[in-house]
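Everything on this sheet refers to the single structure shown next.
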Amino acid sequence: MSFFQRNRNELKSKGIDPARLPPGQYLTDRFPVLHVGDVPRYSPGEWSLTVFGLVDQKITITLDDLKQMSSVTPTFDIHCVTKWSKFDTTWTGVRVRDVLALAGVQPGATHVMEHAEYGYTTNIPLADITTDEAIVAFAYEGEDIEPVHGGPVRIVVPHLYFWKSAKWVRGLELSDRDAPGFWEQNGYNMYGDPFLEQRH
Ligand SMILES: Nc1nc2c(c(=O)[nH]1)N[C@H]1C(S)=C(S)[C@@H](COP(=O)(O)O)O[C@H]1N2
Ligand SMILES: [Mo]
């Protein structure tokens, strides 16, 4: 029996619904760290997020601004394209749609490019980044997000592969077209639904 099959079979004995595990994935309790390049370190007050593109008014907010907005603390499963999934992760942040609303999304906007430190980008339909669960996250399990996991602030969009959740996010660009981000230019799927195994 393969590692994957054994891992999947173990879910039932742990009382976990196997339907939560997308095809081709295995469940891990660890929290792997995955990114290209270095981990940026910010001094207090240095981080900011800019919303630009097809908006009424370009805005830039600080971490203090973000923390003063009303936040949510959802718990959900995450799925990396390198085949690990982690269940029941809890994040605190502000819904992306509330942050976008500060700038005023123009009617023609259909997609968002997430821009992160060091030029990492990932593209996502506007509808997918404005769900109840898509957040600009500043805490993980009640603590500041560790720098290696994207702190001080990352995007978390649980229903797509985790490469769509930019760590160290610095910009959200509204657009009227879909354009490939970093991994998408390197052959990853433009959408990335883990349950449809849209890896490449
Ligand atoms: N800025 C940035 N964000 C990124 C990445 C990256 O390379 N750079 N990698 C993505 C990928 S492929 C995954 S699986 C997750 C990993 O997040 P983690 O290290 O907190 O597990 O971050 C995503 N966000
Ligand atoms: Mo990933």
How close do [X] and [Y] get, heavy atom to heavy atom, and via which atoms?
| X | Y | answer |
| --- | --- | --- |
| Pro147 | Pro40 | CB-O, 4.5 Å |
| Gly142 | Ala139 | C-CB, 4.5 Å |
| Gly171 | Phe52 | CA-CE2, 4.2 Å |
| Lys167 | Val148 | NZ-O, 2.8 Å |
| Ile59 | Ile61 | CD1-CG2, 4.1 Å |
| Ile145 | Arg154 | CD1-CG, 4.1 Å |

For this session: Under the side-chain contact (heavy atoms from CB on, under 4.5 Å) rule, what do His149 and Val33 come out as? Steps first, then yes or no, please.
Result: CA-CA 7 Å; His149 286 298; Val33 170; 3.6 Å; yes
Hey, could you give me the [atom1]/[atom2] distance between [X] and [Y], rounded to the nearest 0.5 Å?
| X | Y | atom1 | atom2 | result |
| --- | --- | --- | --- | --- |
| Leu34 | Cys80 | CG | SG | 5.0 Å |
| Arg177 | Asn123 | CZ | CG | 13.5 Å |
| Arg41 | Asp38 | CZ | CG | 10.0 Å |
| Ser165 | Ile124 | OG | CD1 | 7.0 Å |
| Glu117 | Trp47 | CD | CH2 | 10.5 Å |
| Lys12 | Glu10 | NZ | CD | 12.5 Å |

Problem set entry | Option from Leu100, Thr110, Asp176 for which side chain to side chain contact (heavy atoms under 4.5 Å, CB included) with Leu126 holds | Leu100
Side-chain contact test, heavy atoms from C-beta onward, threshold under 4.5 Å: evaluate it for [X] versus [Y] and give yes or no.
| X | Y | result |
| --- | --- | --- |
| Ile129 | Glu114 | yes |
| Leu21 | Asn7 | yes |
| Val157 | Ile135 | no |
| Val72 | Arg95 | yes |
| Val136 | Val153 | yes |
| Asp98 | Met69 | yes |
| Arg170 | His115 | no |
| Phe76 | Val156 | yes |

Problem set entry | Sole residue of Trp168, Tyr120, Trp163 in ring pair (Phe, Tyr, Trp, His ring centres under 6.0 Å) with His35 | Trp168
Exercise. Could you go step by step and tell me if Lys58 and Thr50 meet the side-chain contact (heavy atoms from CB on, under 4.5 Å) rule?
Worked result: CA-CA 7 Å; Lys58 172 177 164 175; Thr50 300; 3.7 Å; yes
Exercise. So is Lys164 actually on top of Tyr188's ring, under 6.0 Å and inside 45° of the axis?
Worked result: no
Problem set entry | Result of checking Asn189, Thr121, Thr122 against Glu184 for side chain to side chain donor-acceptor pair (under 3.5 Å) | Thr122
Does [X] share a hydrophobic cluster with [Y], counting links as ILVMFWY side-chain heavy atoms below 4.5 Å and allowing steps through other members?
| X | Y | value |
| --- | --- | --- |
| Leu54 | Leu172 | yes |
| Leu27 | Phe31 | no |
| Tyr161 | Val96 | no |
| Val55 | Met113 | no |
| Phe87 | Val81 | no |

Exercise. What pairs meet the side chain to side chain donor-acceptor pair (under 3.5 Å) rule with one or both residues in residues 191-200, with sequence neighbours excluded?
Worked result: Gln25-Arg199, Asp128-Tyr191, Glu197-Arg199
Exercise. Salt bridge or not for Asp132 and Arg97, using N-O below 4.0 Å?
Worked result: yes
For this session: Decide side-chain contact (heavy atoms from CB on, under 4.5 Å) for Phe138 and Leu63; before the verdict, give the C-alpha distance in whole Å, the side-chain angles of both, and the deciding distance to 0.1 Å.
Result: CA-CA 8 Å; Phe138 55 79; Leu63 186 52; 4.2 Å; yes
Donor-acceptor under 3.5 Å ([X] side chain, [Y] main chain):
| X | Y | value |
| --- | --- | --- |
| Gln185 | Pro180 | yes |
| Lys86 | Asp29 | yes |
| Asp77 | Asp88 | yes |
| Thr131 | Ala134 | yes |

Just checking, any donor-acceptor pair under 3.5 angstrom between side chains of [X] and [Y]?
| X | Y | answer |
| --- | --- | --- |
| Gln5 | Asn9 | yes |
| Ser48 | Thr62 | no |
| Ser43 | Glu46 | yes |

Exercise. More than 12 heavy atoms of other residues, nucleotides or ligands under 6.0 Å from NZ of Lys14: is that the case?
Worked result: yes
For this session: May I ask you to decide if the ring planes of Phe4 and Tyr26 are parallel, tilted or perpendicular, using 30° and 60° as cut-offs?
Result: perpendicular
For this session: Mind telling me whether Tyr140 and Trp91 have parallel, tilted or perpendicular rings, with 30° and 60° as the class edges?
Result: tilted
Exercise. Where do Val36 and Trp183 land on the side-chain contact (heavy atoms from CB on, under 4.5 Å) test, with the steps shown first?
Worked result: CA-CA 10 Å; Val36 277; Trp183 283 118; 3.7 Å; yes
Exercise. With ring centroids as reference points, do Phe162 and His79 lie under 6.0 angstrom apart?
Worked result: no
Exercise. What do the steps show when you test Ser71 against Thr92 for side-chain hydrogen bond (donor to acceptor under 3.5 Å, both in side chains), and what is the final call?
Worked result: CA-CA 7 Å; Ser71 61; Thr92 302; over 6 Å; no
